[in-house]
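When a ligand or atom number is given, it counts from 1 through the structure's own listing order.
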Amino acid sequence: MINLSSTVAYYLYRNFRTIASLAVVAMLSWIWDFRLGLLLTLGVPLYLLILNLSKSFINKGKAMSEPCEEEVASRMVEFAKCQGALRACHTGSNYEALSSALKKADVVGKKSLAWQSVGMFLGGMAKQMLVTVAILLIVGLAVKRSIDVFPAIACIGMVLSFSKMLEDVSGNVAGTEERRQQMDRIDALMDTGELKEAEYSHEFKDIGSIEIKNVSFSYDKKNRVLNDISFTVNPKEMCALVGPSGSGKTTIEHLIARFYDVDDGSIKVSGADVRDIKIKDLMGQLSMVFQDVYLFNESLLDNIKMGNPNANEEEIKKACDLAGVTEIANRLPDGWNSRVGEGGSSLSGGERQRVSIARALLKKSPIVLLDEATSALDAENEAHIVKSMEELRKNATLIVIAHKLETIQRADKIVVLSKDGRIEQIGKHDELIKKEGAYKKFWDYRVSTSNWQLV
Ligand SMILES: Nc1ncnc2c1ncn2[C@@H]1O[C@H](COP(=O)(O)OP(=O)(O)OP(=O)(O)O)[C@@H](O)[C@H]1O
Ligand SMILES: [Mg+2]
């Protein structure tokens, strides 16, 4: 950003300097001959007008090709990163989306080139025309003896340096324009509305409680994802969120952590509205164990200590034993000091989630938001996660997006969501299972499919 603005400042300075020189030369030309003075004085605005037209042609060409170039770039990244999924769909080497993006970029690229070429031709031609007319005028004056030969040669030299200055001005204008477009893009990014941070945090009156009241929410301010959701979770209760895919379970957890603001209603964490809590204090109340766990490319130990940098060795050992991270460290070549790769790429999905659980155990926050793995975990991973959840439950409120039948059954409260993001039922397993309703249907279906296996 600093480089960009200093480059713009550099171009502006050069432009002012050159324009001042142009003005001096134009004034001098009046002294040589008023016709030459008139030509250069009127020629410059005309030249700038044509230059402007040429610039708009060039910009039109660029605006055409840029979205296609961006599409090609993102499809290429997708092609490289998602080879596994593409191969599974038999499209590992022939990815239609990339081929059609390349084809479109080729067609649009030719049109864009045509517009840009016309623009460049106009810009170049305007300058040449001005210089040619000026030289012809000087030669004509010399032939008619209105001007002597030597002053005429000097005059042609002046016109040539005048044209060089014009070239500099147009180059600087193009440079400034290019940087301005880059700065506009940065401005647009910076102008994206941020969530308003509370100036001070309201007092936590009921540590560990969660109160969701008449909450409605949409990501795009058009399509409602959550509709009038209300439920409360008392301190140290375990609440299971269940419902079909896309019903808004993850969205509810994200709203509790204030990744977004609700459109209507309110969410209270530990007795205070999340909008009235400073983000740092809100994060102090919450631990999050989501499915897409991101680890930093630091050592295994550093990643765990992020949960609580002040934790002592004994606390770290206890959390890691329980979450099954000690076993991972024993297996890695550099033990606790092994680096986990970008995003945790050198660990499996189950292992990354165990690290995330160890962080949560270490943090000892009053509330834990957990998104249970949808895929079946191996017995070892499963056992560690069950034990850790039991431990977390002793001291924290748990909101679990539950997929395992045991988790749902053990919950103090089950919130059943419908496909359109409304609450269908709330209650305990024993009560809900006796009623004909969404939960019973969901449960019967899950039980009947729980023994299915892919062979
Ligand atoms: N960042 C986002 N931007 C726009 N729409 C989103 C975003 N995240 C989720 N959605 C949409 O919101 C709806 C609810 O998504 P959400 O992830 O909360 O569902 P879910 O119940 O957690 O589903 P699943 O069980 O598949 O994880 C879906 O229709 C989804 O497409
Ligand atoms: Mg989800």
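If you check each of Phe217, Phe259, Tyr219 against atom 9 (C) of ligand 1, the one with the closest non-hydrogen atom is Tyr219. Counting heavy atoms only, Thr250 comes closest to atom 22 (O) of ligand 1 of the residues Thr250, Ile252, Ile401.
Residue pairs meeting the salt bridge (Lys or Arg N to Asp or Glu O under 4.0 Å) criterion with at least one partner in residues 219-229, sequence neighbours excluded, are Lys221-Asp263, Arg224-Asp264.
Considering backbone and side-chain atoms alike, Val225 places every N or O at 3.5 Å or more from each N or O of ligand 1. Taking distance alone, with nitrogen or oxygen atoms compared against 3.5 Å, His403 stays at or beyond that limit from ligand 1.
Crowding of Tyr219 atom OH: a count of heavy atoms from other residues, nucleotides or ligands under 6.0 Å exceeding 12.
Heavy-atom contacts of Tyr260 reach the following atoms of ligand 1: 1 (N) (cutoff under 4.0 Å). When each atom of ligand 1 is checked for a heavy atom of Thr251 under 4.0 Å away, the hits are 14 (C), 15 (O), 16 (P), 18 (O).
Between the side chain of Arg352 and the backbone N or O of Leu347, at least one donor-acceptor pair lies under 3.5 Å.
Ring geometry, Tyr439 versus Phe442: the interplanar angle falls from 30° to 60°, so the pair is classed tilted. Under the 30°/60° scheme for interplanar angles, the aromatic rings of Phe217 and Tyr260 are found to be tilted.
Classification of Glu327 and Arg331 as a salt-bridged pair holds, one side-chain N sitting under 4.0 Å from a carboxylate O. Ion pairing between Glu315 and Lys318 fails under the 4.0 Å rule for side-chain N and carboxylate O.
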#### Entry: Thr326 vs Asp321, side chain to side chain donor-acceptor pair (under 3.5 Å): CA-CA, chis, key distance, verdict
CA-CA 5 Å; Thr326 310; Asp321 284 352; 2.5 Å; yes
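In this structure, Tyr200 has its ring center closer than 6.0 angstrom to the ring center of His202.
Look at Gly243 and you'll find every heavy atom at least 4.0 Å from all atoms of ligand 1.
Protein atoms that are N, O or S and lie under 2.8 Å from the Mg ion (ligand 2) are these: Thr250 OG1.
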